[in-house]
Structures are given as C-alpha cells and as structure tokens.
Amino acid sequence: MSDIYKIPGKEKTFSVDDIIVSKTDKKGIITYANDIFLQIADYKEHEVIGKPHNVIRHSHMPRCIFKLLWDTVSSGEELFAYVLNRTKYDDYYWVLAHVTPTFDSNREIIGYHSNRRVPNPEAIKIIAPLYRHLKRMEDSQATTKQGLIESFNILTRLMKEQEMRYDMFMYKLQQLKSSDELQVNMGEISHD
C-alpha cells in the first residue's frame with residue numbers, strides 16, 4: 001500500500017488473530033499496552049506507559065478523525081475507526097480501532113480501552129484517499145483550528161451523503177470483499 005498511498009516508511013502488518021490493546025486514563029495517558037501493541041509499534045513498555053496515546057499518531061492522519069473519536073467516547077459512546085499509526089522508527093501500520101470508555105461504579109468515565117484489529121485491505125482503498133483529502137484540507141487552511149473545522153465539515157457532509165453514522169460506515173467498510181461493492185460518493189476525493 002505504501003506505493004499507492006505515498007506514506008513514508010515501511011508498512012508493518014500483524015496477524016488477523018492478533019489484537020492490539022491499550023488502555024488510557026481520561027486524559028489519554030497510556031496505562032496499559034499489550035505485547036502486540038509494543039511489538040508492532042517498536043516500543044518497550046517503559047517507553048509508553050505514562051505517555052500520551054498520541055505517541056503513535058501518524059502525521060498523515062487527519063485531526064478531524066481524532067476529534068470525532070474524542071467527542072464520541074468522552075460522551076460515553078463507543079467508536080470504530082480506521083487509524084494510521086506510526087512506529088517508534090517512523091514506519092506505519094493501519095488498524096481498525098474499537099475505542100470504548102471505561103466507567104467506574106457510578107458510571108463516570110475513568111479512562112478508555114482500545115482494541116485494534118487488522119483492517120480490511122479493501123476498506124483501506126477507500127479510507128486512505130479520504131484521509132489524504134481531509135489532511136490536505138486541514139493543512140491548507142490559515143490556522144490549525146480552521147483546518148480542523150473544514151475537514152470535520154467535509155467528514156460530516158460525507159456521512160450525511162452516505163446516510164449513516166461514521167461507525168456504521170466503518171462497519172460496512174470492514175465487511176467489503178471488493179472496494180467496488182460500496183458506492184461511496186466522494187467526488188474529488190476518490191480521484192485525489
């Protein structure tokens with residue numbers, strides 16, 4: 001995929017039987033990372049525990065996806081999202097992330113739990129150009145705030161056009177056997 005989507009570094013992959021797991025506190029500070037997380041991201045446990053989860057955020061990921069993620073999980077809901085992560089050595093890996101809030105006995109959010117699985121390669125053929133378009137929109141604005149607003153508006157319009165919530169869009173993408181099966185009206189995005 002690196003040739004098609006021009007992401008720097010080497011793509012790392014993991015087994016469909018593997019699940020990358022991490023837990024954070026309410027502020028997104030890592031409190032737990034399983035061995036698969038450490039292996040794929042090229043970190044030792046002591047290098048990530050106590051660090052912000054964005055230590056693995058790839059610079060090519062649009063910020064609007066993280067805004068959607070944080071808005072959703074901080075309101076007490078779960079979210080599925082395709083995410084491009086980076087390793088300690090600036091390689092990359094795609095995941096389908098399932099992020100859920102963790103509650104205490106009073107139903108107050110005390111942290112977040114994320115399970116990441118191998119993404120559907122057919123879905124990445126749709127997601128990568130979309131994310132590239134959103135990121136370019138963010139980077140083309142006069143301020144980072146305006147870039148986030150513009151890209152989030154594009155994402156919101158796309159979901160309205162698809163007549164579904166983002167998490168359902170992610171679910172449909174994960175089920176694809178061919179990228180031609182899902183009619184995604186992305187206009188200029190698909191030709192980006």
*Asks:* Using the rule given for side-chain contact (heavy atoms from CB on, under 4.5 Å), can you reason through Ile29 versus His53, listing the C-alpha separation, both sets of side-chain angles and the distance that settles it, and then say yes or no?
*Replies:* CA-CA 6 Å; Ile29 303 299; His53 204 280; over 6 Å; no
*Asks:* Could you check Arg165 against Asp167 for salt bridge (charged side-chain N to carboxylate O under 4.0 Å, His left out), going step by step and ending with a plain yes or no?
*Replies:* CA-CA 6 Å; Arg165 289 178 15 166; Asp167 57 345; 2.7 Å; yes
*Asks:* State the CD1-CG distance between Ile7 and Asp90, to the nearest 0.5 angstrom.
*Replies:*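 Going from the CD1 atom of Ile7 to the CG atom of Asp90 covers 13.0 Å.
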*Asks:* What I want to find out is whether Asp18 reaches Arg117 closely enough, with some N-O distance under 4.0 Å, to be called a salt bridge.
*Replies:*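 The answer is no: the pair does not qualify as a salt bridge.
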*Asks:* Evaluate the side-chain contact (heavy atoms from CB on, under 4.5 Å) criterion for residues His133 and Ile154: first the C-alpha distance (whole Å), next the side-chain angles of each, then the deciding distance (0.1 Å), finally the verdict.
*Replies:* CA-CA 9 Å; His133 179 75; Ile154 291 170; 4.0 Å; yes
*Asks:* If two hydrophobic side chains count as joined below 4.5 Å and joins carry through other members, does Val95 share a cluster with Leu38?
*Replies:*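 Yes.
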*Asks:* Taking the side chain as C-beta and beyond, is there a heavy-atom pair between Val118 and Leu96 under 4.5 Å?
*Replies:*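 In short, these two side chains do not touch, never coming nearer than 4.5 Å.
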*Asks:* Do Met61 and Tyr89 land in one hydrophobic cluster if side-chain heavy atoms of ILVMFWY residues count as linked below 4.5 Å?
*Replies:*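 Looking at the clustering, Tyr89 is in a separate group from Met61.
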*Asks:* May I ask you to decide if the ring planes of Tyr92 and His58 are parallel, tilted or perpendicular, using 30° and 60° as cut-offs?
*Replies:*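 Perpendicular.
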*Asks:* Supply the atom-to-atom distance Lys160 NZ to Leu158 CG, rounded to the nearest 0.5 angstrom.
*Replies:*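 Rounded to the nearest 0.5 Å, the NZ-CG separation comes to 12.0 Å.
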*Asks:* Counting only heavy atoms not in Asp35, do more than 12 sit closer than 6.0 Å to its CG atom?
*Replies:*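 No.
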*Asks:* If you define the side chain from C-beta out and look only at heavy atoms, does anything of Tyr93 sit under 4.5 Å from Thr13?
*Replies:*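 Not in contact.
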*Asks:* Answer yes or no for Arg63 and Phe66: cation-pi contact, defined as NZ/CZ to six-membered ring centre under 6.0 Å and angle to ring axis within 45°.
*Replies:*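 Verdict for Phe66: no cation-pi partner in Arg63.
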*Asks:* Under 6.0 Å between ring centres, would you say that holds for Trp94 and Phe14?
*Replies:*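 Not under 6.0 Å, so no.
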*Asks:* Quick check for you: to the nearest 0.5 Å, what is the distance between Asn34 atom CG and Ile40 atom CD1?
*Replies:*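 Going from CG on Asn34 over to CD1 on Ile40, the span is 11.0 Å.
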*Asks:* Within a reach of under 6.0 Å around CZ of Phe103, are more than 12 heavy atoms found that belong to other residues, nucleotides or ligands?
*Replies:*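 Count over threshold, so yes.
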*Asks:* State, yes or no, whether a side-chain contact exists between Asp104 and Ile110 at a heavy-atom distance under 4.5 Å.
*Replies:*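 In contact.
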*Asks:* Mind checking whether Thr102 and Tyr112 have side chains closer than 4.5 Å, heavy atoms only?
*Replies:*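 No, their side chains stay 4.5 Å or more apart.
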*Asks:* Nearest 0.5 Å please: distance from the CG atom of Asn153 over to the CG atom of Leu148.
*Replies:*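 The CG atom of Leu148 is 9.5 Å from CG of Asn153, to the nearest 0.5 Å.
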*Asks:* Same cluster for Val21 and Val16 if Ile/Leu/Val/Met/Phe/Trp/Tyr side chains link at under 4.5 Å?
*Replies:*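 They do not share one cluster, since no chain of ILVMFWY contacts under 4.5 Å joins Val21 to Val16.
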*Asks:* Answer yes if Ile109 and Tyr32 sit in the same cluster of Ile, Leu, Val, Met, Phe, Trp and Tyr residues linked by side chain heavy atoms under 4.5 Å apart, and no otherwise.
*Replies:*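 Different hydrophobic clusters.
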*Asks:* Enumerate donor-acceptor pairs with a distance under 3.5 Å from any side-chain N or O in residues 44-51 to protein atoms, sequence neighbours excluded.
*Replies:*
| unit_1 | atom_1 | unit_2 | atom_2 | d |
| --- | --- | --- | --- | --- |
| Glu47 | OE1 | Lys44 | N | 2.7 |
| Glu47 | OE1 | Lys88 | NZ | 3.3 |
| Glu47 | OE2 | Lys88 | NZ | 2.6 |

*Asks:* Quick one: are Ile36 and Arg116 in side-chain contact, heavy atoms under 4.5 Å?
*Replies:*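 When only atoms from C-beta onward are counted, Arg116 and Ile36 do not touch, as no gap falls below 4.5 Å.
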*Asks:* Can you name the nearest heavy-atom pair linking Ile65 to Ala81, along with the distance?
*Replies:*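 So the two residues come closest at CG2-CB, 4.4 Å.
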*Asks:* Of the non-hydrogen atoms in Pro62 and Leu134, which two are nearest, and what is the gap between them?
*Replies:*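 Closest heavy-atom pair between Pro62 and Leu134: CB-CB, 3.7 Å.
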*Asks:* Do Ser151 and Glu138 get their side chains close enough for a donor-acceptor pair, meaning under 3.5 Å?
*Replies:*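 The criterion, which ignores hydrogens and geometry beyond distance, is satisfied for Glu138 and Ser151.
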*Asks:* Answer yes or no on whether Lys67 is positioned over the face of Phe152, meaning its NZ or CZ is under 6.0 Å from the six-membered ring centre and within 45° of the axis.
*Replies:*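 Cation-pi check for Lys67 and Phe152: passes.
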*Asks:* Between the side chains of His98 and Ser114, is a donor N or O closer than 3.5 angstrom to an acceptor N or O?
*Replies:*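 No, no side-chain donor-acceptor pair sits under 3.5 Å.
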*Asks:* With no hydrogens and no angle check, is any side-chain donor or acceptor of Tyr82 less than 3.5 Å from a backbone partner on Gln174?
*Replies:*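 The answer is yes, because a donor-acceptor pair under 3.5 Å joins these two groups.
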*Asks:* Return the CG to OG1 distance between Leu68 and Thr156, rounded to the nearest 0.5 Å.
*Replies:*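 It is 8.0 Å, given to the nearest 0.5 Å.
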*Asks:* What's the shortest heavy-atom distance between Met168 and Met164, and which atoms?
*Replies:*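 Closest approach of Met168 to Met164, heavy atoms only: C-SD, 3.8 Å.
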*Asks:* Do the side chain of Asp42 and the main chain of Thr87 share a donor and acceptor less than 3.5 angstrom apart?
*Replies:*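 No; zero donor-acceptor contacts below 3.5 Å.
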*Asks:* Is there a side-chain contact between Pro52 and Lys27, using heavy atoms and a 4.5 Å cut-off?
*Replies:*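 A side-chain contact is absent here, since even the closest heavy-atom pair is not under 4.5 Å.
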*Asks:* A side-chain contact here means heavy atoms from C-beta on lying under 4.5 Å apart; do Val73 and Thr100 qualify?
*Replies:*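 Not in contact.
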*Asks:* How close do Ile19 and Asn115 get, heavy atom to heavy atom, and via which atoms?
*Replies:*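 It is CG2-CB, 3.9 Å.
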*Asks:* Are the side chains of Val99 and Phe80 in touch, meaning some heavy atoms are under 4.5 Å apart?
*Replies:*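 Counting from C-beta outward, Val99 and Phe80 never come under 4.5 Å.
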*Asks:* Ala33 and Phe37: which non-hydrogen atoms are nearest, and at how many Å?
*Replies:*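 So the minimum-distance heavy-atom pair works out to CB-CD2, 3.7 Å.
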*Asks:* To the nearest 0.5 angstrom, please state how far the CD atom of Gln146 sits from the CD atom of Glu150.
*Replies:*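 Answer for the CD-CD pair, Gln146 versus Glu150, is 4.5 Å.
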*Asks:* For Gln39, does the CD atom sit with more than 12 other heavy atoms under 6.0 Å from it, leaving out its own atoms?
*Replies:*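 No, the 6.0 Å shell around CD holds no more than 12 heavy atoms from other groups.
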*Asks:* Shared ILVMFWY cluster between Val55 and Trp70, side chains joined below 4.5 angstrom?
*Replies:*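 Looking at the clustering, Trp70 is in the same group as Val55.
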